[in-house]
Each structure stands twice: as C-alpha cells, then as structure tokens.
Participant: 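The structure's right below; bear with me while I get my questions together.
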Amino acid sequence: MAASPSKTRQRRPVGQSSHMLGDHDSDNDDHVNAIFQARQSRSAFEQALDTPRASAAVVGVLTAIAFALRFYKINQPDQVVFDEVHFGKFAAFYLTREYYFDVHPPFAKLLFGLAGWFVGFDGHFTFENIGDSYTDNHVPYVGMRALPAILGSLTVPIVYAIMKETGYSTIVAAFSAIIVLFDNAHVAQSRLILLDATLIFFMTLTMYSYVRFRKLRYWEFSVDWWSWLLATGFFMACTWGSKVNGVLTVLTIGIAVLIDLWDILDHKKGHTMEHFTKHFMARAVGLIVVPIIIYLSFFYVHFAVLTHSGTGDTFMSPAFQETLIGNELLLNSQELRYFDTVTIKHKDSKVFLHSHPERYPLSYDDGRISSQGQQVTGYGHDDTNNEWQIIPTKALPETGRGRVVRHDDIIQLLHANTQTLLLTHDVASPLMPTNQEFTTWPKDDHSRHNDTLFFLNLVDGNDGDAWKSKSSHFRLVHVPTRVSMWTHSKQLPEWAFKQQEINGNKNPTEKTAAWFVDAVISTDGTEAAENVPSEVAAPKEPKKLGFFTKFGELQLLMLQHNAGLTASHPYASSPINWPFLLSGISFWTENDSQKQIYLIGNIVGWWTCVVALSIYVGIIGADLLARRRGVDPVPDEVRNRLWNSAGFFLLVWAVHYLPFFLMGRQLFIHHYLPSHVASAMVAGAVLSFILSDPINYPISIAGRMTRMRPSQYADLGVKGPVVVGIFSIAMFAMFIYMAPLTFGTPGLDGDAVNAKRLLSSWTLHFAAKVTAEVPA
C-alpha cells in the first residue's frame with residue numbers, strides 16, 4: 001500500500017522553496033507542465049522583476065518613500081490636533097499613573113505612553129484643547145507622533161508582502177502598496193497621536209500571518225505551521241487591543257477559519273473526525289485561547305499602571321474606586337449610623353433628594369387629582385432642605401456597631417427642616433401616571449406608618465454589608481408597594497420651581513434608581529463627630545478587587561459608552577459616503593496663516609478601489625451565471641484564485657465596513673481606513689485578472705491544487721508596468737496637489753482652497769465665497 005502523501009512529502013531547502021505549498025501530485029502534471037511552458041515564454045522584464053533581489057529593491061523603495069512622506073514636517077503643527085486631545089491625554093495619564101476611562105482597549109495607548117516615557121515626557125501636559133501649543137509647554141510631541149508614523153510606514157511593505165505571499169507578481173503587489181503609500185488620509189492619520197495607524201498595522205500583520213499559515217496546510221502541525229498560527233492569534237489580539245473596532249478583524253479571521261474547518265470536515269477528501277478534531281483544537285488554542293490571554297494582559301498592565309485616582313474614577317463602581325490611591329471614596333467614605341443626618345444624591349443625574357413646605361396642586365393639567373401632600377423633588381444645588389435623618393425601625397443598642405445601617409435594613413427618612421417622614425403611596429406622580437407619587441407625612445402621626453417604611457438595598461450588597469457614605473450605591477425600595485425611588489430629567493412645572501420629579505418606579509431593581517449619600521451633615525447626640533472611630537479619619541490603604549471583576553466591569557462600561565456616542569458632530573458622516581470620499585474631517589485650523597489639516601483620501605486611489613470592487617463582484621456574478629448555463633469561461637485555477645485570495649481580501653473589506661451600517665453612534669470617514677487597505681488588495685487582484693492571460697495564472701493558494709513556486713506568476717508583459725507606472729504618477733500628482741490639506745502647510749488663500757475642493761460636499765475652511773453672476 002502506498003504511503004500517505006502527507007507523510008511522504010519532504011521539505012526542500014529553505015533557499016529553494018521558502019514559499020512552496022507542496023510538491024506536485026501526479027494527476028496535476030499536465031496542468032503544471034502547461035504553466036511551466038507559459039512561464040518560459042514570459043518577458044525578460046517580467047522575469048527580472050520577480051527575482052528576489054528585484055522584489056527586495058522594490059519593497060525597499062516603497063518603504064523609504066513611505067517613511068519620507070509620513071515623517072515630512074511631522075513637527076508641524078506644534079499644536080494639539082483633533083483627537084490628540086484624547087489619546088495624548090491618555091498617554092500622559094499612564095506616566096502620572098492617574099486612572100482614566102475610554103471606550104477603546106488600552107494597547108495602542110499603552111504604546112503611546114511608552115513612547116512618551118522613552119522621549120522624556122513626564123505627563124505634565126494634559127492636552128486639554130485643540131490648538132494648545134506643544135512648544136510653549138515643552139512637550140516632546142514629535143517622539144510620540146513618530147510611533148504611528150513608523151507603524152503607518154511599515155504598513156506599506158506589509159501590504160506588498162501580503163500580495164506577494166498570495167501569489168501575485170511584483171508589479172501587482174507594488175500596485176496595491178502604492179494605493180496605500182500615496183493616500184492622503186493614511187498619511188495624515190499616521191502623523192498624529194491617533195489609534196488608527198496602530199490598528200491598521202496590526203490588522204495587516206494578522207492578514208499576512210494568516211496567509212502564511214494557510215500556505216503551510218500541507219505541512220500541518222509542523223513548527224512553521226504552529227508558528228504562523230500563533231502569530232495570527234497574537235497579532236489579532238494586538239489589533240483588538242488597539243481599538244474597539246479591531247474586534248472586526250477577529251470576526252474576519254473567525255469566518256475564514258470556519259470556512260477552512262468546513263472544508264476539513266468533508267469526508268470525501270479522506271478526512272477523519274480525529275483529523276478534524278486535531279485541527280479544531282489547534283485553532284482553538286492559537287486563535288481563541290492565545291488571543292484572549294494576550295488581550296487580558298493589556299488590561300492587566302493597564303490596571304497595574306493606573307493605580308492613582310484620576311478623571312475616570314466616576315465612571316467606575318464604588319468598589320472599583322476604592323482600589324485607587326487618593327480616591328475621594330476611599331478617603332472620605334464612612335459607615336453610616338442611625339440618626340445620622342445626610343444628603344442623598346441620584347447617581348446618574350446628581351440631583352439631591354429634596355423637599356420643601358410647598359404642596360402638590362389639587363389637580364394637574366390633565367385633570368388628575370393629587371394628594372396635595374408636601375412636594376418631594378430633585379434639586380441640583382446645596383440647600384438645607386436636602387438634609388434627611390436616618391430613623392431606625394428596630395431597637396438599637398446604646399453604642400457600638402449595632403447602630404450601623406446595613407444592607408436590607410428597613411428604615412425611615414426624616415426631612416430635617418419640616419420634621420416629616422418620606423412616604424410614597426398608590427397615587428399617580430405629577431408627570432408619569434404609571435409611577436407613584438412621593439411626598440412626606442408628619443412624624444407624630446402614626447396612621448400611615450407602613451407607607452413610610454423603605455428597604456435599604458445596597459447595589460451588589462450582601463447580608464451584613466454596612467451602608468457607607470460616598471461609596472455605597474443603593475436603591476430605596478418601598479416596603480408595601482415594592483417601588484424604587486427614582487428620578488428623571490424632565491422638569492416639574494412652575495408650581496414646583498421647575499425641579500426634577502421624584503417618583504416610584506415599579507421595577508424594584510431598576511438600575512437607574514441608584515442613589516448615594518453625598519455628605520454626612522451631623523451624627524446623633526450620643527455619638528458626636530469627634531467620637532467617630534479613629535479608623536474613619538486615619539489614612540486608608542487602597543482596597544483589593546480581583547482582576548476579572550475589574551475587567552468585566554470595564555468591558556461592560558466600554559460597550560455601553562461606545563453605543564452611547566450618538567451626539568451630532570459637524571464632521572460625522574454616513575458609511576455610504578466613505579468609499580466615494582464625499583466628506584472628510586477638519587482636524588486642525590490656524591486662522592492667522594489660514595492653515596488647515598483636512599482628512600480626506602486620494603481620490604484617484606479611492607475611486608479606483610470602488611471600481612475594482614465593482615468589477616470583482618461583476619466577474620464573480622458573470623462567472624456564476626455562465627456556469628449555471630453550462631458555460632465555463634474561467635479556468636478552474638483562475639476561479640480558485642478569485643474566490644480564495646481575492647475573496648479573502650473582499651471578506652476583510654466587507655467585515656470591516658458593513659457592520660457600521662448597523663451602528664447608531666457617531667461615525668467618521670477614518671472608520672473606513674481598514675476597509676480601504678483591503679480594497680487596495682482587491683484592486684491588485686482585479687488588475688492581475690484583467691491584464692493577465694488566464695492560462696498563466698498560478699493556482700490559488702487556498703485551493704487543494706496549489707502546489708507551485710511563487711516565481712510562477714502571471715505574465716503581465718510590458719502592459720502591466722506601464723499601467724502601474726501611469727497609475728503611480730496619477731496617485732503621486734493627486735497626493736502632491738492635496739498635500740497642503742494633509743500636512744497643514746503652507747497656508748492657502750480662499751481661491752486656492754476652492755481649487756482643492758474637488759467635491760462640493762467637502763467642508764473646507766477659508767474657502768473664498770463664490771458669487772454667481774446675475775445677468776443684467
């Protein structure tokens with residue numbers, strides 16, 4: 001019996017076949033011979049371009065130009081630009097170790113912090129406003145901007161390498177790289193302290209690693225196979241950790257892996273379930289376990305560095321805040337005792353629980369009748385009418401910890417100024433007929449005692465937990481009716497001085513019904529303030545909270561706040577506009593010299609990518625239709641190439657683009673940049689298809705028939721270099737034409753700005769007013 005091919009294949013010397021995918025099977029000899037003969041007829045120019053030395057020279061030139069363009073005048077402007085107010089500030093917080101909150105994962109910002117430390121930045125500058133001077137504040141901003149500039153420059157050779165590894169010629173690989181190289185949007189984004197250059201760099205590294213991994217499928221479970229699998233998982237985690245939409249790269253690789261596993265599951269190809277299980281487990285380790293560990297490590301470092309109180313404290317739970325050195329909750333929080341007089345604030349709206357002698361009107365505008373009880377409202381300012389005393393409903397010891405108020409105790413709240421008890425009952429509130437009215441009742445009248453009773457429900461509290469000022473969020477749940485004391489932003493009419501309504505929400509666990517004690521005004525007579533136990537006033541050590549508890553809380557907040565970014569913005573745009581460059585973003589302006597940075601792409605490259613995407617979809621559609629009618633216009637090897645290599649690029653483009661149509665948050669054109677890189681690769685694949693004789697195509701890297709050397713490229717002849725050369729000149733010319741808007745120098749007068757406005761939808765500053773001539 002013949003041995004299995006997978007066991008008899010031998011590796012060739014590294015110098016001969018570092019990119020080979022396998023030896024030739026006997027049933028493919030005719031096909032391989034045809035390609036070999038086609039290769040012999042290739043032009044000398046084409047063969048010379050595809051030698052390793054020539055390819056290295058090409059990628060070297062492209063990389064050198066990329067660095068030159070991205071570092072050109074990187075010190076200009078010497079002011080805070082666009083979102084540097086956020087990401088520069090976050091880097092500063094790492095150096096001062098002050099806790100902050102952001103919707104994006106920390107990896108890219110940690111890199112910025114590291115870059116700042118490396119160039120001597122001490123974090124003293126806080127990046128408060130766009131236009132703040134770096135020079136006046138002695139900030140080594142060039143060193144911090146150098147990080148994204150380096151990563152953005154290195155993205156160009158990675159794009160080239162991806163195209164080469166998927167079997168395209170040097171000239172086609174250069175074509176795709178040039179689209180990114182001379183793109184104004186990529187250059188502008190890569191020269192500033194922003195996250196996108198890091199995101200795209202690691203996204204392309206993920207793509208490159210996955211392509212290398214797939215090419216080694218005939219050497220499954222070898223050292224190289226494992227290395228590229230683990231590299232894919234590592235770079236995928238770095239992409240995810242750089243920016244929240246890096247999760248789309250994870251989704252892309254996940255879809256590609258599912259397609260791969262579906263193919264391995266096919267028993268017609270001789271794959272056993274044991275074989276499938278081994279592949280599944282290997283991918284689970286490399287593409288799930290490893291990335292999760294790496295992703296978690298970014299947050300571990302994040303929490304380990306940010307140990308001091310900072311601007312992000314108030315986003316976090318009290319338990320989290322008490323882990324931070326110098327936090328107000330940690331320093332000032334104290335256990336509450338019965339008969340303490342306190343002020344109470346709503347967690348979200350920050351209004352005080354308030355009452356005053358004025359009463360609800362007899363009837364409201366809609367004809368409903370009120371209780372005419374004393375008004376209970378939400379008030380945003382300090383006032384003695386905000387003070388409430390905690391009254392026990394059980395016997396208390398004279399002294400000691402038995403007087404501490406605890407989770408699930410039943411309490412009463414006495415309004416200090418009017419000596420009335422907080423009460424709610426089955427009467428509709430003024431603004432919300434479905435919710436209960438809150439009022440008060442004289443403390444000496446016991447006829448409605450039960451209606452003044454409330455459960456003290458500490459958020460995430462356990463039996464015996466003490467109620468604390470500042471740090472304990474709580475819900476006040478009415479004992480008889482089980483409604484939660486709640487407030488909302490709509491104001492009451494003039495009869496309540498336009499204060500906020502307090503009412504009873506029928507959901508006793510309503511998350512927005514959370515309150516906290518802001519201050520302890522005084523303690524009861526038997527336990528004066530000076531006799532509060534010494535541990536209250538003594539310096540407090542930060543408390544401990546488990547890593548996964550902190551991680552889970554932060555992840556939930558990141559998702560919630562990212563979804564909540566729905567406010568309007570003058571430069572926000574719809575995803576349908578992005579591929580066509582219908583609008584950009586004003587990053588920075590300087591009125592005195594009429595300089596500006598306007599983020600917009602190179603219209604030659606972007607529209608070429610749109611055309612290429614359309615052509616690709618058309619080719620695939622036409623081929624499917626023809627085959628449905630029994631016509632086979634495209635050779636199998638070419639079809640495999642279109643579906644697999646170019647199809648992978650289209651998958652990357654679609655997954656990084658289409659989900660934005662489902663999002664309700666603010667969106668900007670820079671969200672399209674990862675998809676633009678993928679569309680540049682699709683454009684290269686389409687160019688190769690159009691200019692090449694299909695019989696000379698190499699077999700697809702993702703098909704079972706792929707077993708040739710990377711030097712067996714399609715013959716583009718002279719036409720390929722000519723087309724790419726003309727295209728490169730057009731790209732460069734457009735780049736230079738738009739350069740004043742990319743680099744923010746030199747300043748332009750109104751007429752010059754109008755000349756740069758290639759589309760009327762571009763909102764450029766300093767444009768001259770155009771007045772139409774009116775016929776006499």
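Positions are given from 1 along the sequence.
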Participant: For the pair Tyr210 and Phe213, name the ring-plane relationship: parallel under 30°, tilted 30 to 60°, perpendicular over 60°.
Facilitator: tilted
Participant: Cationic tip of Lys89 within the cone over Tyr100's six-membered ring, i.e. under 6.0 Å and within 45° of the normal?
Facilitator: no
Participant: Minimum heavy-atom separation for Leu194 and Pro148, please, with both atom names.
Facilitator: O-CB, 4.3 Å
Participant: Could you go through Met316 and Leu554, starting from their C-alpha distance and side-chain angles, then the distance that decides it, and tell me whether this counts as side-chain contact (heavy atoms from CB on, under 4.5 Å)?
Facilitator: CA-CA 8 Å; Met316 313 309 296; Leu554 181 55; 4.3 Å; yes
Participant: Only counting residues at least two apart or in another chain, list the ones meeting side-chain hydrogen bond (donor to acceptor under 3.5 Å, both in side chains) with Ser593.
Facilitator: Glu590
Participant: Are the side chains of Tyr99 and Thr311 in touch, meaning some heavy atoms are under 4.5 Å apart?
Facilitator: no
Participant: Less than 4.5 Å apart, any side-chain heavy atom of Met163 and any of Met681?
Facilitator: yes
Participant: If you measure from OG1 on Thr742 to CD1 on Ile597, what distance do you get to the nearest 0.5 Å?
Facilitator: 9.0 Å
Participant: Run the salt bridge (charged side-chain N to carboxylate O under 4.0 Å, His left out) test against Arg97 and tell me which residues pass, sequence neighbours left out.
Facilitator: none
Participant: With a cut-off of 6.0 Å (strictly less than), are more than 12 heavy atoms of other residues, nucleotides or ligands near CZ of Phe303?
Facilitator: yes
Participant: Can you list everything that forms a ring-ring contact (aromatic ring centres under 6.0 Å, His included) with Phe201? Sequence neighbours excluded, please.
Facilitator: none
Participant: Side chains of Trp588 and Gln79: do they bring a donor and an acceptor to under 3.5 Å?
Facilitator: yes
Participant: Are the side chains of Asn577 and Ser574 in touch, meaning some heavy atoms are under 4.5 Å apart?
Facilitator: yes
Participant: Restricting to non-hydrogen atoms, name the atom on Gly233 and the atom on Leu287 that form the minimum distance, rounded to 0.1 Å.
Facilitator: N-CD2, 3.7 Å
Participant: Got a donor-acceptor contact below 3.5 angstrom from the Glu165 side chain to the Arg212 backbone?
Facilitator: no
Participant: With no hydrogens and no angle check, is any side-chain donor or acceptor of Arg70 less than 3.5 Å from a backbone partner on Ile150?
Facilitator: no
Participant: When you look at Lys164 and Thr170, which way does the side-chain hydrogen bond (donor to acceptor under 3.5 Å, both in side chains) test go after all the steps?
Facilitator: CA-CA 7 Å; Lys164 289 288 285 184; Thr170 296; 2.8 Å; yes
Participant: I would like to know whether Tyr168 and Ser645 meet side-chain hydrogen bond (donor to acceptor under 3.5 Å, both in side chains); could you show each step before the answer?
Facilitator: CA-CA 10 Å; Tyr168 293 100; Ser645 60; 3.0 Å; yes
Participant: Tyr571: what forms a side-chain hydrogen bond (donor to acceptor under 3.5 Å, both in side chains) with it, not counting sequence neighbours?
Facilitator: His765
Participant: Please examine the side chains of Ile288 and Arg283, heavy atoms only from C-beta on, and report whether any two atoms are closer than 4.5 Å.
Facilitator: no
Participant: Within this structure, what is the CZ-SG distance for the pair Phe202 and Cys238, rounded to the nearest 0.5 Å?
Facilitator: 4.5 Å
Participant: Indicate, with yes or no, if the rings of Tyr94 and His302 have centres closer together than 6.0 Å.
Facilitator: yes
Participant: Parallel, tilted or perpendicular, judged at 30° and 60°: which one describes the rings of Phe547 and Phe551?
Facilitator: parallel
Participant: Of all the heavy-atom pairs spanning Val156 and Ala66, show the shortest one and how long it is.
Facilitator: CG2-CB, 3.9 Å
Participant: Under 6.0 Å from the six-membered ring centre of Phe689 and within 45° of its axis: does the NZ or CZ of Arg641 meet both?
Facilitator: no
Participant: Could you tell me the separation between the OG1 atom of Thr763 and the CZ atom of Arg757, rounded to the nearest 0.5 Å?
Facilitator: 8.0 Å
Participant: Could you report the tightest heavy-atom contact between Val172 and Ser688, atom names first, then the distance?
Facilitator: CG2-CB, 3.9 Å
Participant: If we only count heavy atoms from C-beta on, is the Phe299 to Gln555 side-chain gap below 4.5 Å?
Facilitator: yes
Participant: Counting only heavy atoms from other residues, nucleotides and ligands, does the tally under 6.0 Å from NZ of Lys511 exceed 12?
Facilitator: no
Participant: What is the distance from atom NZ of Lys215 to atom CH2 of Trp228, rounded to the nearest 0.5 Å?
Facilitator: 10.5 Å
Participant: Under the side-chain hydrogen bond (donor to acceptor under 3.5 Å, both in side chains) test, which residues partner Tyr141, sequence neighbours left out?
Facilitator: none
Participant: Would you call Phe127 and Tyr134 a side-chain contact if the rule is heavy atoms closer than 4.5 Å?
Facilitator: yes
Participant: With distance as the sole test, does Ser679 use its side chain to make a donor-acceptor pair with the main-chain N or O of Cys609 at under 3.5 Å?
Facilitator: no
Participant: With the side chain counted from C-beta on, respond yes when Phe125 and Asp132 share a heavy-atom pair under 4.5 Å apart, and no when they do not.
Facilitator: yes
Participant: Would you be so kind as to tabulate the donor-acceptor pairs closer than 3.5 Å made by side chains of residues 663-673, with sequence neighbours excluded?
Facilitator:
{"unit_1": "Arg665", "atom_1": "NH1", "unit_2": "Asn562", "atom_2": "OD1", "d": "2.7"}
{"unit_1": "Gln666", "atom_1": "NE2", "unit_2": "Ala567", "atom_2": "O", "d": "2.7"}
{"unit_1": "His671", "atom_1": "ND1", "unit_2": "Phe668", "atom_2": "N", "d": "3.0"}
{"unit_1": "His671", "atom_1": "ND1", "unit_2": "Phe668", "atom_2": "O", "d": "3.2"}
{"unit_1": "Tyr672", "atom_1": "OH", "unit_2": "Trp653", "atom_2": "NE1", "d": "2.9"}

Participant: Under a plain distance cut-off of 3.5 Å, with no hydrogens placed, do Tyr598 and Thr589 share a side-chain donor-acceptor pair?
Facilitator: no
Participant: Quick check with a 6.0 Å cut-off and a 45 degree axis cone: is Lys550 positioned over the face of Phe320's six-membered ring?
Facilitator: yes
Participant: With a 3.5 Å distance limit and no angle check, can you tell me whether Asn137 reaches the backbone of Val139 through a side-chain donor-acceptor pair?
Facilitator: no
Participant: Would you say the side-chain atoms of Ser761 pair up with the backbone N or O of Leu582, donor to acceptor, closer than 3.5 Å?
Facilitator: yes
Participant: How far apart are the closest heavy atoms of Ala161 and Tyr208, and which atoms are they?
Facilitator: CB-CE1, 3.6 Å
Participant: With a 4.5 Å cut-off on side-chain heavy atoms, are Arg214 and Asp260 touching?
Facilitator: yes
Participant: Look at the aromatic rings of Phe182 and Phe735 and report parallel, tilted or perpendicular, splitting at 30° and 60°.
Facilitator: tilted
Participant: Are a donor atom and an acceptor atom from the side chains of Thr135 and Asp78 found within less than 3.5 Å of each other?
Facilitator: yes
Participant: Output the distance between atom OH (Tyr737) and atom CG (Leu758), rounded to the nearest 0.5 Å.
Facilitator: 6.0 Å
Participant: Within a radius of less than 6.0 Å around CZ of Phe732, do more than 12 heavy atoms belonging to other residues, nucleotides or ligands occur?
Facilitator: no
Participant: Return yes when atom CZ of Phe234 has more than 12 non-hydrogen atoms of other residues, nucleotides or ligands closer than 6.0 Å, and no otherwise.
Facilitator: no
Participant: What is the ring orientation for Phe727 with Phe175, classed by angle as parallel under 30°, tilted 30 to 60°, or perpendicular over 60°?
Facilitator: tilted
Participant: For the backbone of His656 and the side chain of Ser675, can you confirm whether one donor and one acceptor N or O come within less than 3.5 Å of each other?
Facilitator: yes
Participant: Please evaluate residues Trp578 and Phe660 with respect to the criterion ring pair (Phe, Tyr, Trp, His ring centres under 6.0 Å), reporting the C-alpha separation (whole Å), side-chain torsions for both, the decisive distance (0.1 Å), and the verdict.
Facilitator: CA-CA 11 Å; Trp578 299 341; Phe660 286 104; 5.5 Å; yes
Participant: Just how far is it from atom CZ of Phe90 to atom CG of Asp83, taken to the nearest 0.5 Å?
Facilitator: 9.0 Å
Participant: Which atom pair, heavy atoms only, marks the closest approach of Ser190 to Ala197?
Facilitator: OG-CB, 3.9 Å
Participant: Count the heavy atoms of every other residue, nucleotide or ligand shown that sit under 6.0 Å from CH2 of Trp762, and state whether that count exceeds 12.
Facilitator: yes
Participant: Between Met731 and Thr608, is the side-chain contact (heavy atoms from CB on, under 4.5 Å) condition met? List the steps.
Facilitator: CA-CA 10 Å; Met731 281 284 297; Thr608 297; over 6 Å; no
